[in-house]
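A short write-up of the structure that comes next.
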Amino acid sequence: MSEASLSISERKQDHLDIVLRQDVTAKGIRTGFERFFFEHVALPELLLPEIDLSCQFLGKRLQAPLLISSMTGGTDTARELNLYLAAAAQELGIAMGVGSQRAALEHPELARTYQVRQVAPDILLLANLGAVQLNYGYGLEQARRAVEMIEADGLILHLNPLQEAVQPQGDPDWRNLYRRIEQLVAQLPVPVLVKEVGNGLSAQVAQRLAECGVAALDVAGAGGTSWSEVEAYRQTDPFKKRIAHSFRDWGIPTALALLEIRRLLPNLPLVASGGIRTGIEVAKAIRLGADVVGIGAPALQAVSQGQARAVVESFRAVIEELRIAAFCTGSANLAQLRKAPLRRQDTWDLLPPITP
């Protein structure tokens, strides 16, 4: 392995180690899902095993509305983790995104750390690049290579301005990216999904991205992993470390981002992610307008235990919690769950259905 690729691998391994060993959850801000509760249906008139959680997303059928969120790649440890995650996605019939593939595009010997089709031939699999790289020489060729590298069904462009701002050697030029994203979307033959990484998409940004023609958005709100906290642990300069830590409560709570974007864009496919941990929270996200829900750090924690079954059982629990939540709201499927009575904790008022 070259010295440059070793440096990238070391940074990727740093990220993994910090997420697994340090408390990098956002501080002083929550996802917002705790502000809502479902009206319990004491007589649901349903057969629990027949609750249908399947859905269609980006042209593929999922057995449950779940996406293993983009997390890792670029190291031997990441390769093993990605294979575990992909095998779980294949078994459960859910989707998966890989971590940023910039490392493998610049150092092809790292491509194998992202390649998972051998264990997951049927899943919805999403490639991943940082959108800011479109200002640093990346374009259609690199996007195609990322997709082809892992035989992906689509491409994620991730937005991480705060992380870049506090990261050692971060990329500071975020000008003209709407135009570059629009050009890429028009040229790339697979769907493009744009996501934040944990500080949330505003409705205004979502509207602009929709006008660029993106196939879907991931709101990736605040309340889960804070990448400014991750970078704070990587910093050796006390001044820069303090600055990174000061953004621990920065961002738009996941539930708020989801609500506002869905109201503005009623028909655009949406992923909700950012601090979602249980099937009950997944149910709330579906009710608030999500088509699919992304879960990242808990899956990583489960699979890091070194047992291939750990991640399967982690997601199986989320799926069963979602099924029971649907059952106890009298919802036979996701379409009915989207209209289930949901109340605000502070006023007890019913929230009108968000989607048609």
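Between the side chains of Arg175 and Asn135, no donor-acceptor pair is found at a separation under 3.5 Å. In this structure, a donor-acceptor pair under 3.5 Å is absent between the side chains of Arg248 and Ser228.
No option in Thr254, Thr225, Asp218 other than Asp218 meets the side-chain hydrogen bond (donor to acceptor under 3.5 Å, both in side chains) test with Ser273. Across Val214, Leu157, Leu209, a single residue satisfies side-chain contact (heavy atoms from CB on, under 4.5 Å) together with Val185, and that is Val214.
Residues Arg309 and Glu91 are in side-chain contact: their nearest non-hydrogen atoms beyond the backbone lie under 4.5 Å apart. Residues Glu34 and Glu281 form no side-chain contact, since every pair of their non-hydrogen atoms from C-beta on lies 4.5 Å or further apart. For the pair Leu125/Tyr114, no side-chain contact is recorded, criterion being any heavy-atom separation below 4.5 Å from C-beta on. Residues Arg112 and Asp76 are in side-chain contact: their nearest non-hydrogen atoms beyond the backbone lie under 4.5 Å apart. Using a 4.5 Å heavy-atom threshold, the side chains of Ile51 and Asn333 count as separate. By the 4.5 Å heavy-atom criterion applied to side chains, Cys55 and Leu62 are counted as neighbours. Using a 4.5 Å heavy-atom threshold, the side chains of Thr31 and Pro253 count as separate. Proximity of Arg35 to Arg344: side-chain heavy atoms (C-beta onward) are nowhere separated by under 4.5 Å.
The number of heavy atoms from other shown groups lying within 6.0 Å of CZ (Phe239) does not exceed 12. Atom NZ of Lys60 has more than 12 heavy atoms from other residues, nucleotides or ligands within 6.0 Å. Taking a 6.0 Å sphere around CZ of Arg30, one finds it holds 12 or fewer heavy atoms contributed by other residues, nucleotides or ligands. When the shell of 6.0 Å around CD of Gln22 is examined, it contains more than 12 heavy atoms from other residues, nucleotides or ligands. Within 6.0 Å of CD on Gln118 lie more than 12 heavy atoms contributed by other residues, nucleotides or ligands.
Atom CG of Leu258 is separated from atom CD1 of Ile354 by 8.5 Å, given to the nearest 0.5 angstrom. Rounding to the nearest 0.5 angstrom, the gap separating the CD1 atom in Ile68 from the OH atom in Tyr84 is 14.0 Å. With rounding to the nearest 0.5 Å, the separation of CG in Leu270 from CG in Leu217 is 6.0 Å. Note that CD of Gln167 is 5.5 Å distant from CZ of Arg234, once rounded to the nearest 0.5 Å. Here the straight-line distance linking atom CD1 of Ile94 with atom OG of Ser54 works out to 14.0 Å at 0.5 Å rounding. Interatomic distance, CG of Asp237 versus NZ of Lys241, reported as 9.5 Å (0.5 Å rounding).
One hydrophobic cluster, built from ILVMFWY side chains closer than 4.5 Å, cannot hold both Leu193 and Val205; they sit in different ones. In this structure, Val24 is a member of the same hydrophobic cluster as Ile276, with clusters built from ILVMFWY side-chain heavy atoms closer than 4.5 Å. Val190 and Ile156 end up in different hydrophobic clusters when Ile, Leu, Val, Met, Phe, Trp and Tyr side chains are linked at under 4.5 Å.
Remark: the backbone N or O of Phe33 is paired with a side-chain donor or acceptor of Lys284 at under 3.5 angstrom. Panel note: side chain Gln142, backbone Tyr138; no donor-acceptor pair is recorded below 3.5 Å. Judged by distance alone, with hydrogens and angles left aside, the side-chain atoms of Gln207 form no donor-acceptor pair with the main-chain N or O of Gln204 at under 3.5 Å. Checked by atom type and distance alone, the side chain of Arg145 pairs as donor or acceptor with a backbone atom of Leu105 at under 3.5 Å. A distance-only check finds a donor-acceptor pair linking the side chain of Asp23 to the backbone of Thr25 [under 3.5 Å]. Proximity of a side-chain donor or acceptor of Thr113 to a complementary backbone N or O of Gly74 within less than 3.5 Å is detected. A donor-acceptor pair under 3.5 Å is absent between the side-chain atoms of Asn128 and the main chain of Gln101, judged by distance alone.
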Any chance you could lay out the side-chain contact (heavy atoms from CB on, under 4.5 Å) test for Leu188 and Leu140, step after step, and finish with the verdict? CA-CA 7 Å; Leu188 196 66; Leu140 179 61; 3.9 Å; yes
Determine whether Asp122 and Arg61 satisfy the following criterion, salt bridge (Lys or Arg N to Asp or Glu O under 4.0 Å), listing intermediate values before the conclusion. CA-CA 10 Å; Asp122 305 311; Arg61 194 76 176 168; over 6 Å; no
Derivation and outcome, side-chain contact (heavy atoms from CB on, under 4.5 Å), residues Asp291 and Arg262: CA-CA 10 Å; Asp291 295 286; Arg262 177 50 79 205; 2.9 Å; yes
Could you walk me through whether Glu320 and Arg323 pass the salt bridge (Lys or Arg N to Asp or Glu O under 4.0 Å) check? CA-CA 5 Å; Glu320 189 59 20; Arg323 191 184 313 278; 3.5 Å; yes
Walk me through whether His158 and Glu196 qualify under side-chain hydrogen bond (donor to acceptor under 3.5 Å, both in side chains). CA-CA 6 Å; His158 68 262; Glu196 236 283 347; over 6 Å; no
Would Thr329 and Ser331 count as a side-chain hydrogen bond (donor to acceptor under 3.5 Å, both in side chains) here? Give the steps. CA-CA 5 Å; Thr329 59; Ser331 305; 2.9 Å; yes
Apply the test salt bridge (Lys or Arg N to Asp or Glu O under 4.0 Å) to residues Asp173 and Arg180: give CA-CA distance (whole Å), side-chain angles for both, the deciding distance (0.1 Å), then the verdict. CA-CA 13 Å; Asp173 187 358; Arg180 296 186 191 281; over 6 Å; no
side-chain contact (heavy atoms from CB on, under 4.5 Å), that's the test. Do Leu162 and Trp227 meet it? Break it down for me. CA-CA 8 Å; Leu162 175 57; Trp227 283 93; over 6 Å; no
Show, in sequence, the C-alpha distance, side-chain angles and deciding distance for Glu231 and Ile243, and conclude whether the side-chain contact (heavy atoms from CB on, under 4.5 Å) test is met. CA-CA 10 Å; Glu231 295 300 340; Ile243 290 173; over 6 Å; no
Chi angles and distances behind the salt bridge (Lys or Arg N to Asp or Glu O under 4.0 Å) call for Arg263, Glu260: CA-CA 5 Å; Arg263 284 170 172 161; Glu260 293 193 338; over 6 Å; no
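Annotation: side-chain hydrogen bond (donor to acceptor under 3.5 Å, both in side chains) contacts of Asp346 (sequence neighbours excluded): none. For Phe247, the ring pair (Phe, Tyr, Trp, His ring centres under 6.0 Å) partners two or more places apart in sequence, or in a different chain, are Trp250.
Salt-bridge formation is not detected for the pair Glu182/Arg179: no Lys NZ or Arg NE/NH1/NH2 atom is positioned less than 4.0 Å from an Asp or Glu carboxylate oxygen.
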